**Q** 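If you scroll down you'll find the structure; I have some questions about it.
Nothing fancy with the numbering, it's 1 onward along the sequence. Being a predicted model, the structure only gives us computed values, none of them experimental.
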Amino acid sequence: MTEWPDGFALRTLDSVDSTNSEAERLKDALTCPTWIFARMQTAGRGRRNRSWRSLQGNLFATLAMKVGDSPGQIALRSFVSALALRDASVALSGGLGSFSIKWPNDLLAGTRKYAGILLECDSCGDGQFQARIGFGVNVAAAPGDIAAPGGSGGATSFLEATGIRVRPEAFLQELASAYAGRELQFREAGFESIRLDWLSHAAKLGETVGVTLPSESFRGIFRSIDRAGRAIVDAAHGRRLVAAADMYF
């Protein structure tokens with residue numbers, strides 16, 4: 001059985017509005033990297049303040065930690081986190097699932113989304129930032145009425161994709177261990193090592209994708225990500241570097 005990683009604390013709640021919001025409220029009280037896990041979440045949220053449907057039996061957890069990195073470096077932990085989440089999924093599935101990472105921060109089983117990551121940060125006032133990495137994983141069930149941007153994919157669950165029933169606590173333990181390893185890789189080997197690993201598991205790399213920005217949408221070939229985590233897309237009118245957007249297939 002995977003052991004809980006050294007140096008990481010755990011707070012377990014029966015219910016909370018949002019694990020990311022709880023981490024923010026506890027910003028001054030947390031003295032080490034801390035996972036906040038809730039058995040129920042009543043007001044979960046995703047990127048751009050979208051709601052996250054928190055169904056019973058799924059995983060709702062946030063890793064909160066103080067770091068001295070720049071906001072740009074903190075943002076790269078979205079890729080660290082996605083790799084850790086995929087690592088945990090592969091380990092728990094015993095190789096039965098087909099898991100890939102959709103830029104910028106979704107996890108796919110086959111062509112359907114089963115997990116998302118929300119990374120937030122703000123200043124602690126002492127030259128450091130609190131990074132909050134929220135994980136929403138459809139471990140047991142997925143909303144049946146949610147479609148991905150552009151009408152692609154839809155949602156699934158780990159159970160549906162693999163046939164394996166896992167308790168959220170067990171999934172968290174595997175995820176926490178995987179994240180500790182990927183964080184060490186990030187700190188010791190730098191983002192380039194993470195970037196190359198991420199690309200080896202990227203969905204639709206080298207294929208045509210759609211990109212939706214606040215002011216426009218376009219299609220092009222998804223070529224790579226650069227050293228700032230931006231998607232490199234060859235569109236009809238030239239190469240685009242996309243820092244933040246929705247990508248759909």
**Q** Do Leu172 and Val90 sit in one hydrophobic cluster, given that two such residues count as connected whenever their side-chain heavy atoms are within less than 4.5 Å of each other, even indirectly?
**A**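 Yes, Leu172 connects to Val90 through the hydrophobic network.
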**Q** Decide whether a cation-pi geometry holds between Lys204 and Phe249; the criteria are a distance under 6.0 Å from NZ or CZ to the six-membered ring centre and an angle within 45° of the ring axis.
**A**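 Judged by the rule, Lys204 and Phe249 form a cation-pi pair.
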**Q** Might you point out which heavy atoms bring Tyr114 and Leu85 nearest each other, and give the distance in Å?
**A**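 For Tyr114 and Leu85, the tightest heavy-atom pair comes out as OH-O, 4.3 Å.
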**Q** Taking a hydrophobic cluster as the set of Ile, Leu, Val, Met, Phe, Trp and Tyr residues connected by side-chain heavy atoms closer than 4.5 Å, whether directly or through intermediates, do Leu59 and Leu10 fall within one such cluster?
**A**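 Yes, Leu59 and Leu10 fall within the same hydrophobic cluster.
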**Q** Inspect the contact between Asp17 and Arg25 and indicate whether a charged nitrogen and a carboxylate oxygen are less than 4.0 angstrom apart.
**A**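 Asp17 and Arg25: salt-bridged.
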**Q** Closest heavy-atom contact between Pro143 and Leu55?
**A**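 For Pro143 and Leu55, the tightest heavy-atom pair comes out as N-CD1, 3.7 Å.
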**Q** Just checking, is any N or O donor in the side chain of Glu174 or Thr2 under 3.5 Å from an acceptor N or O on the other one?
**A**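 Short answer, yes.
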**Q** From Ser123 OG over to Phe129 CZ, what is the distance, rounded to the nearest 0.5 angstrom?
**A**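 The distance works out to 5.5 Å.
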**Q** Any heavy-atom pair between the side chains of Val233 and Phe218 that's under 4.5 Å?
**A**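 They are in contact (side-chain heavy atoms under 4.5 Å apart), so the answer is yes.
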**Q** Would Asp226 and Arg195 pass as an ion pair if we require N to O under 4.0 Å?
**A**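 Looking at Arg195 together with Asp226, the answer is no, because their closest N to O distance does not fall below 4.0 Å.
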**Q** Taking the six-membered ring for Trp, are the ring centroids of Phe135 and Phe60 within less than 6.0 Å of each other?
**A**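 Ring-ring flag for Phe135/Phe60: false, centres at least 6.0 Å apart.
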**Q** CZ of Arg132 to OG1 of Thr62: how many Å apart, nearest 0.5 Å?
**A**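 So the CZ of Arg132 and the OG1 of Thr62 are separated by 9.0 Å.
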**Q** According to a hydrophobic-cluster definition based on side-chain heavy atoms being under 4.5 Å apart (Ile, Leu, Val, Met, Phe, Trp, Tyr only), do Ile232 and Val209 belong together?
**A**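 No, it is not one cluster - the side chains of Ile232 and Val209 are not joined through contacts under 4.5 Å.
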**Q** Minimum heavy-atom separation for Ala155 to Arg112, with atom names?
**A**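 Minimum heavy-atom separation between Ala155 and Arg112: O-NH2, 2.7 Å.
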**Q** Gln185 and Arg187: side-chain donor and acceptor closer than 3.5 Å?
**A**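 No donor-acceptor contact under 3.5 Å links the two side chains.
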**Q** Measure up the Tyr179 and Trp35 rings against each other and bin them: parallel (under 30°), tilted (30 to 60°), perpendicular (over 60°).
**A**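 Tyr179 vs Trp35 ring planes: perpendicular.
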**Q** State the NE2-CG distance between His201 and Leu199, to the nearest 0.5 angstrom.
**A**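 So the NE2 of His201 and the CG of Leu199 are separated by 10.0 Å.
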**Q** I would like to know whether Gln128 and Asp69 meet side chain to side chain donor-acceptor pair (under 3.5 Å); could you show each step before the answer?
**A** CA-CA 7 Å; Gln128 290 190 312; Asp69 300 332; over 6 Å; no
**Q** Run the salt-bridge test on Asp234 and Arg240 with the 4.0 Å N-O cut-off and return the result as yes or no.
**A**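 Judged by the 4.0 Å cut-off on N to carboxylate O distance, Asp234 and Arg240 do not form a salt bridge.
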**Q** Establish, yes or no, whether the cationic atom of Arg11 lies under 6.0 Å from the six-membered ring centre of Phe37 and within 45° of the ring axis.
**A**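 No, Arg11 and Phe37 do not form such a contact.
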**Q** To the closest 0.5 Å, what do you measure between OG1 (Thr34) and CD (Glu22)?
**A**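 With rounding to 0.5 Å, OG1 (Thr34) is 11.5 Å from CD (Glu22).
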**Q** Of all heavy-atom pairs between Ala23 and Gln130, which one has the smallest distance, and what is that distance?
**A**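 Closest heavy-atom pair between Ala23 and Gln130: O-NE2, 3.0 Å.
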**Q** Between atom CG of Asp14 and atom CE of Met40, what is the distance when rounded to the nearest 0.5 Å?
**A**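 So the CG of Asp14 and the CE of Met40 are separated by 10.0 Å.
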**Q** What about the rings of Phe79 and Phe186, do their centers lie closer together than 6.0 Å?
**A**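 Aromatic pair excluded; centres sit 6.0 Å or further apart.
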**Q** Distance from Leu83 atom CG to Ile194 atom CD1, nearest 0.5 Å?
**A**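 Leu83 CG to Ile194 CD1: 5.5 Å, rounded to 0.5 Å.
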**Q** State, without any angle test, whether Ser78 and Asn105 hold a side-chain donor-acceptor pair at a distance under 3.5 Å.
**A**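 Side-chain D/A pair, Ser78 to Asn105: absent.
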**Q** If you take all heavy atoms of Ala88 and Ala178, which pair is closest and at what distance?
**A**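 The answer is N-CB, 4.3 Å.
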**Q** Shortest non-hydrogen contact from Ser18 to Gln41?
**A**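 Ser18 and Gln41 have their closest heavy atoms at CA-OE1, 3.5 Å.
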